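Residue indices begin at 1 and follow the sequence shown. Atom set for the values below is all heavy atoms of this structure, side chains included, hydrogens, waters and symmetry mates excluded. On a predicted model such as this, the values are computed, not experimentally measured, just so you know.
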Amino acid sequence: MIALGGVIGAGLFVGSGTAIAAAGPSIILAYAISGALVMLVMRMLGEMAAAYPASGSFSVHSERAIGPWAGFTAGWAFWFLLCVAVGLEGIGAAQIAHGWVPGVPEWAWVALFMLLFMGTNLTAVKNFGEFEFWFATMKVLAIVAFLVIGVLAITGLLPGNDAPGTENLTGHGGFMPNGTEGLIAGLLASVFAYGGLETVTIAAAESEHPVEGVAKAVRTAMWRIALFYVGSMIVVVALIPWNAPALVDPDKGSYVATLEHLDLPGAGLAMKIVVFVALLSAMNANIYGASRMAGSLVSRGQGPRVIGKLFRGVPRVAVVMSSAFGFLCVLLSYWSPDEIFQWLLKTIGAIILVVWFFIAASQLLLRRRLEREAPEKLVVKMWAFPYLTWVALAGMAVVFVLMAREPGTREQLYYAGGLTVILAVVGFVRQKAAERT
């Protein structure tokens with residue numbers, strides 16, 4: 001449920017509308033392809049996390065497999081990504097709350113949300129887990145209800161609505177109305193919508209039975225995410241024309257637009273409430289993931305020692321630091337929306353791909369070591385190793401190339417690449433300095 005809470009946010013409920021507008025009905029194919037890649041990444045991560053449970057997750061695995069510089073690079077890049085994401089989710093939730101209570105400014109709403117979730121994360125980890133469980137439960141129930149309503153509407157069993165047939169799938173320009181370029185744009189958007197699943201292995205390390213927990217979580221989260229994402233896209237593009245203006249309306253998104261298209265009374269408002277909860281849930285999960293990653297890095301000598309200090313098992317300084325950085329991103333969206341804030345958005349554009357690359361490279365190296373030294377730890381095994389690992393790496397390379405080809409994503413690739421290179425250089429220098437001492 002924590003994995004679902006971290007990944008099911010604005011990317012699915014709101015951002016998918018823009019992806020549909022770019023790819024048309026072929027967004028189904030885009031989400032299926034990127035979903036397959038995510039499944040391979042999560043299977044690799046699950047194998048390593050079950051063998052070596054750690055709150056630093058893939059950062060620890062990268063350090064173990066490649067070297068301290070790799071753990072430093074992957075860990076701090078992911079921390080940066082999560083902190084910016086906390087700010088973005090906070091802005092989204094504040095915009096909805098401001099629409100309901102206009103008298104309270106958006107920045108005040110964000111401050112309130114930050115204080116609330118910083119408080120839940122400063123206490124025992126079970127409090128975070130309890131919040132996230134109920135948040136995620138509400139989101140999952142909403143998506144299931146949406147899928148059920150969608151299937152009824154598609155089959156013509158929903159009162160007041162006729163079965164649309166294949167009109168929206170093949171009409172309005174066909175299945176790929178914008179050609180391969182549109183499919184590529186949808187593919188790139190869908191890849192980044194899956195980011196956040198990695199948090200499950202961070203949380204599993206603090207569970208009562210980490211090995212069993214991560215094995216079960218990885219197995220179930222993969223097919224649930226695939227069902228929710230791909231299933232949702234099938235329902236949306238089957239029921240509403242891909243070029244409907246409501247899909248790209250930031251105040252609605254694909255779910256609300258579809259329910260309003262079906263003319264269901266109150267459904268749009270209900271889904272907006274779910275989107276609000278989804279954003280808060282993602283904030284909660286990302287503050288948790290960022291603080292644990294920072295705490296793990298510092299405990300391994302990869303940052304200022306004070307950040308990793310534990311209070312009753314909780315890295316409270318890391319929680320406050322991560323929350324403060326997220327709120328700073330929010331303030332920058334007001335102070336410098338066209339300069340510094342845009343730089344932040346562009347920088348995180350491809351970070352998740354960098355993280356996935358480190359996961360795949362680490363699994364490729366650690367699997368051989370595990371087979372030699374501790375085969376009993378291979379509780380979760382990567383399918384068809386090493387062939388599918390190489391397939392995943394090739395898939396990531398293809399996405400990098402596609403990003404370089406597209407003007408809208410090329411700049412994101414450059415900024416994210418620059419941050420990665422800077423972190424790698426700093427990490428390498430630190431590693432060499434530590435080796436000399």
Side-chain angles (χ1 to χ4, degrees), residues 4 7-36 38 136-177 186 189-190 193-194 220-279 281:
L4 296 176
V7 73
I8 299 176
L12 177 60
F13 287 113
V14 181
S16 57
T18 304
I20 293 170
S26 66
I27 192 67
I28 299 171
L29 183 59
Y31 268 88
I33 294 172
S34 56
V38 172
T137 298
M138 182 175 178
K139 288 191 288 187
V140 170
L141 291 176
I143 295 176
V144 170
F146 177 78
L147 293 175
V148 170
I149 292 172
V151 170
L152 291 175
I154 291 171
T155 56
L157 298 177
L158 188 68
N161 289 272
D162 297 325
T166 59
E167 178 185 355
N168 293 322
L169 292 172
T170 57
H172 311 287
F175 186 73
M176 294 177 60
S190 63
Y194 283 107
T220 56
M222 287 190 301
W223 69 261
R224 286 174 182 169
I225 291 296
L227 172 64
F228 292 159
Y229 272 74
V230 179
S232 294
M233 293 304 102
I234 293 173
V235 167
V236 172
V237 297
L239 292 176
I240 185 172
W242 65 271
N243 52 1
L247 284 174
V248 293
D249 186 343
D251 292 329
K252 292 184 178 180
S254 55
Y255 276 60
V256 174
T258 303
L259 293 174
E260 289 184 349
H261 182 75
L262 295 175
D263 198 24
L264 296 176
L269 175 60
M271 187 54 66
K272 198 157 192 175
I273 294 173
V274 172
V275 172
F276 178 69
V277 171
L279 291 165
S281 170

Looking only at non-hydrogen atoms, find the nearest pair between Pro177 and Ala23 and report the distance. CD-O, 3.7 Å
On a heavy-atom basis, the closest approach of Tyr255 and Phe228 is OH-O, 4.3 Å
Can you list every pair that meets salt bridge (charged side-chain N to carboxylate O under 4.0 Å, His left out) and has a residue in residues 260-269, with sequence neighbours left out? Lys252-Glu260
Heavy-atom pair with the smallest gap, counting every atom of Val274 and Met138: CG2-CE, 4.2 Å
Interatomic spacing from CE in Met271 to CG in Leu269 - rounded to 0.5 Å: 11.0 Å
Spacing of Ile20 atom CD1 and Asn243 atom CG [to the nearest 0.5 Å]: 11.5 Å
Using residues 166-174 as the side-chain source, report each donor-acceptor pair under 3.5 Å to any protein atom, sequence neighbours left out, with the distance given to one decimal.
residue	atom	partner	partner atom	Å
Asn168	ND2	Ala238	O	3.1
Asn168	ND2	Leu239	O	3.3
Thr170	OG1	Thr166	O	2.8

Can you list everything that forms a side-chain contact (heavy atoms from CB on, under 4.5 Å) with Ala22? Sequence neighbours excluded, please. Ala185
Show me the donor-acceptor pairs, under 3.5 Å and distance only, between side chains in residues 140-159 and residues at least two apart or in other chains.
residue	atom	partner	partner atom	Å
Thr155	OG1	Val151	O	2.8
Thr155	OG1	Leu152	O	3.1

Who are the side-chain contact (heavy atoms from CB on, under 4.5 Å) partners of Ala257, not counting sequence neighbours? Ile240, Ala246, Leu247
When you compare the side chain of Ser16 with that of Val236, does any pair of heavy atoms fall below 4.5 Å? no
Measure the spacing between CG of Leu29 and CE of Met176 and express it to the nearest 0.5 Å. 7.5 Å
Residues in side chain to side chain donor-acceptor pair (under 3.5 Å) contact with Ser190, at least two apart in sequence or another chain: Ser34
With sequence neighbours left out, what residues match Phe175 under ring-ring contact (aromatic ring centres under 6.0 Å, His included)? none
Pair listing, salt bridge (charged side-chain N to carboxylate O under 4.0 Å, His left out) test, anchored in residues 155-166, at least two apart: none
